[in-house]
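These notes concern the structure reproduced below.
Small disclaimer: the values here were computed from a predicted structure and weren't measured.
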Number of protein chains: 2
Amino acid sequence: MTKTLVAPDTREATRARLERAALDLFTARGFEQVTADEVAEAADTSRRTFFRCFESKADAVWGDFAAHVRRLDAMLAATPAGQPVLGSICAAYVEVNAYADDALPMLRQRMRLILTEPALLAHSQVRYGDVDRVVAAHVARRTGGRPDALVPRLVAASTRAAATTAFETWLDDVRLPLARALHDAFDELSAGFPSLR
Amino acid sequence: MTKTLVAPDTREATRARLERAALDLFTARGFEQVTADEVAEAADTSRRTFFRCFESKADAVWGDFAAHVRRLDAMLAATPAGQPVLGSICAAYVEVNAYADDALPMLRQRMRLILTEPALLAHSQVRYGDVDRVVAAHVARRTGGRPDALVPRLVAASTRAAATTAFETWLDDVRLPLARALHDAFDELSAGFPSLR
DNA sequence: ACGTTAGTGACACCCAGTGCCACCAGCAAC
DNA sequence: GTTGCTGGTGGCACTGGGTGTCACTAACGT
């Protein structure tokens with residue numbers, strides 16, 4: 001009961017244990033079929049602690065997504081001014097999703113859950129809202145308009161749609177590199193869907 | 001207590017009362033601040049009945065969205081074969097959202113809630129999934145590919161992004177007709193975002 | 001009178017999420 | 001070494017969404 005003597009039992013460690021337990025249980029039995037109590041128990045802690053580490057059951061799947069968004073923001077800001085806007089967004093998406101090979105299985109597990117489980121798919125809308133705001137702000141900076149105007153919003157929403165679709169096809173095809181999937185989707189989008197002609 | 005003697009108290013009538021009460025209460029006090037009990041009471045019925053008419057609290061805001069999707073599907077199917085694919089999708093979106101003037105206030109109320117309240121925005125992802133499947137199937141029919149290939153999925157996701165963005169700008173600007181907002185967004189999308197050059 | 005059907009309300013239950021409080025380790029400072 | 005603070009914790013009770021079950025009632029047919 002008291003691993004406290006071994007490791008100082010920091011919040012981060014508990015959080016990491018919960019995250020692994022959640023990912024595995026959700027994958028094995030489905031998101032809805034697993035209670036927060038069960039995840040907590042599997043991580044050798046309590047329900048109360050679970051909800052101190054994560055705002056919601058769904059958040060346990062997302063890791064530190066806020067940091068992810070912050071990195072995306074920084075990459076967009078560091079983008080060369082001459083680069084086309086869509087190209088800069090694509091590059092940022094690719095770079096922020098450039099995981100080491102040994103991190104890919106966990107990413108797959110996460111994304112499969114998020115795109116497969118209805119409750120998690122719903123929750124994703126909230127998370128992606130942050131992404132959209134960051135991208136729209138970038139577009140507004142580049143075009144000199146307001147971030148809530150049509151074009152920045154539309155670019156943010158449709159590039160995110162492209163990224164999500166890329167993730168879906170990446171999940172379906174084990175041999176397709178993620179960067180390739182993203183480039184394919186962005187190319188199609190930025191050329192006005194040449195495949196349709 | 002028994003309006004039954006006057007009207008046969010059909011499910012549809014109860015559902016309609018609940019929908020109105022929900023829309024009004026959510027608008028007045030916010031989605032999270034209103035309990036299902038309160039909505040039920042305002043509609044002169046019980047909580048249990050509320051959840052018999054709607055799968056979830058969020059569903060009370062969506063009206064008969066399944067019928068909406070069915071109409072969209074029919075319109076896409078009835079599209080002339082010569083028409084460009086994106087054009088046919090835009091036309092279908094415009095047509096399916098061609099409401100009579102006196103229906104617009106309720107549509108505004110609905111959409112404002114859906115796009116404003118985080119819980120409803122999240123739920124929208126589930127609903128829009130049905131739309132995406134219908135649109136992807138249409139694209140697949142037109143291009144001869146599979147509905148789960150990159151292009152059909154991408155077209156579905158990004159046209160829906162365009163439609164959603166159009167709704168947002170429509171909400172922000174009372175003088176902008178919805179059809180116009182939709183056309184603007186689709187034009188930008190299908191031309192590969194000319195405003196960015 | 002009889003069964004059938006659709007709609008309903010009441011109750012009990014499960015589970016996500018929160019506020020509160022008491023507890024305990026480590027780490028000062030005195 | 002006791003006093004006090006801090007961070008992490010578990011237990012408990014409570015609110016609220018959502019569901020299963022059951023008994024009741026009105027309408028309709030036979």
Side-chain angles (χ1 to χ4, degrees), chain A residues 1-19 21-23 25-26 29-62 113 117-127, chain B residues 1-19 21-23 25-26 29-62 113 117-127:
Chain A
M1 44 228 64
T2 45
K3 56 222 141 300
T4 316
L5 299 178
V6 174
D9 217 20
T10 161
R11 189 88 156 233
E12 273 318 302
T14 316
R15 189 187 158 97
R17 287 202 319 276
L18 280 166
E19 194 177 329
L23 240 31
L25 284 175
F26 293 164
R29 287 164 41 204
F31 180 76
E32 311 261 23
Q33 278 64 51
V34 179
T35 69
D37 258 318
E38 291 171 315
V39 176
E41 194 176 359
D44 196 28
T45 182
S46 76
R47 197 171 104 93
R48 194 63 189 86
T49 295
F50 179 100
F51 284 111
R52 261 192 284 258
C53 290
F54 302 103
E55 283 189 13
S56 73
K57 199 180 144 192
D59 278 304
V61 178
W62 285 82
L113 281 171
E117 294 278 353
L120 291 174
L121 190 61
H123 184 74
S124 73
Q125 194 70 9
V126 179
R127 293 275 113 137
Chain B
M1 47 218 64
T2 45
K3 57 224 139 293
T4 316
L5 299 178
V6 175
D9 218 21
T10 162
R11 190 87 155 235
E12 274 318 303
T14 315
R15 188 187 158 98
R17 285 200 324 272
L18 281 167
E19 195 177 328
L23 240 32
L25 284 175
F26 294 164
R29 288 165 40 203
F31 180 76
E32 311 261 21
Q33 278 63 52
V34 178
T35 69
D37 258 318
E38 291 172 313
V39 176
E41 194 176 357
D44 197 28
T45 182
S46 75
R47 195 171 107 94
R48 193 64 188 84
T49 295
F50 179 101
F51 285 108
R52 262 192 283 258
C53 290
F54 302 103
E55 283 188 11
S56 73
K57 198 180 147 192
D59 277 304
V61 178
W62 284 80
L113 281 170
E117 294 279 354
L120 291 174
L121 190 62
H123 185 73
S124 73
Q125 194 71 8
V126 179
R127 292 276 114 134

Q. How long is the line joining CD of A:Glu38 and P of C:dC15, in whole Å?
A. 8 Å
**Q.** Atom-pair distance (CD on B:Gln33; P on D:dT15), nearest Å
**A.** 17 Å
Q: Apply the test side-chain contact (heavy atoms from CB on, under 4.5 Å) to residues B:Thr14 and B:Arg11: give CA-CA distance (whole Å), side-chain angles for both, the deciding distance (0.1 Å), then the verdict.
A: CA-CA 5 Å; B:Thr14 315; B:Arg11 190 87 155 235; 5.7 Å; no
(Q) Which nucleotide wins on minimum distance to the side chain of B:Phe51, given the candidates D:dG17, C:dT8, D:dG10? (A) D:dG17
(Q) List the residues meeting side chain to side chain contact (heavy atoms under 4.5 Å, CB included) with B:Ala42, not counting sequence neighbours, and say none if there are none. (A) B:Ala21, B:Leu25
**Q.** Side-chain-base donor-acceptor pair under 3.5 Å for B:Arg47 and D:dG18
**A.** yes
Q | Counterpart residues, ring-ring contact (aromatic ring centres under 6.0 Å, His included), relative to B:Phe31 (two or more places apart) | A | B:Phe26
**Q.** Per A:Ser46 side chain, nearest of listed nucleotides D:dG11, C:dT8, C:dG9
**A.** D:dG11
Q) How long is the line joining CZ of B:Phe54 and C1' of D:dG16, in whole Å? A) 18 Å
**Q.** Interatomic distance where CD belongs to A:Glu32 and C1' belongs to C:dC14 [whole Å]
**A.** 13 Å
Q: Please determine, for the side chain of B:Thr14, which listed nucleotide (D:dG8, C:dT8, D:dG18) has the closest atom?
A: C:dT8
Q) Can you tell me how far P of C:dC15 sits from CG of A:Leu25, to the nearest Å? A) 14 Å
Q: Give a yes or no on whether the backbone of B:Asp37 and the side-chain of B:Arg47 come within a donor-acceptor separation of less than 3.5 Å.
A: no
Q.
Using whole Å, what does the distance between atom P of nucleotide C:dA16 and atom CZ of A:Phe50 come to?
A. 8 Å
Q: Send over the distance from A:Asp59 CG to C:dT18 P, rounded to a whole Å.
A: 10 Å
Q) Who are the side chain to side chain contact (heavy atoms under 4.5 Å, CB included) partners of A:Arg15, not counting sequence neighbours? A) A:Glu12, A:Cys53, A:Phe54
Q: Answer with base, sugar-phosphate or nothing: what part of the nucleic acid does B:Val34 contact at a heavy-atom distance below 4.0 Å?
A: sugar-phosphate
Which donor-acceptor pairs under 3.5 Å do side chains of residues 118-125 of chain B form with protein atoms, sequence neighbours excluded?
residue, atom, partner, partner atom, Å
B:His123, NE2, B:Asp59, OD1, 3.2
B:Ser124, OG, B:Leu121, O, 2.4

Q. Is B:Thr35 near enough to D:dG16 that one of its side-chain N or O atoms lies under 4.0 angstrom from OP1 or OP2?
A. no
Q: Report yes if at least one side-chain N or O of A:Thr45 is closer than 4.0 Å to OP1 or OP2 of D:dT9; otherwise report no.
A: no
Q: Just jot down the side chain to side chain contact (heavy atoms under 4.5 Å, CB included) partners of B:Glu38, sequence neighbours excluded, or say none.
A: B:Arg29, B:Val34, B:Thr35
Q: Rounded off to whole Å, could you give me the CD-to-P distance for the A:Glu41 and C:dC15 pair?
A: 13 Å
Contacts under 3.5 Å, N or O only, protein and nucleotides 21-23 of chain D:
none

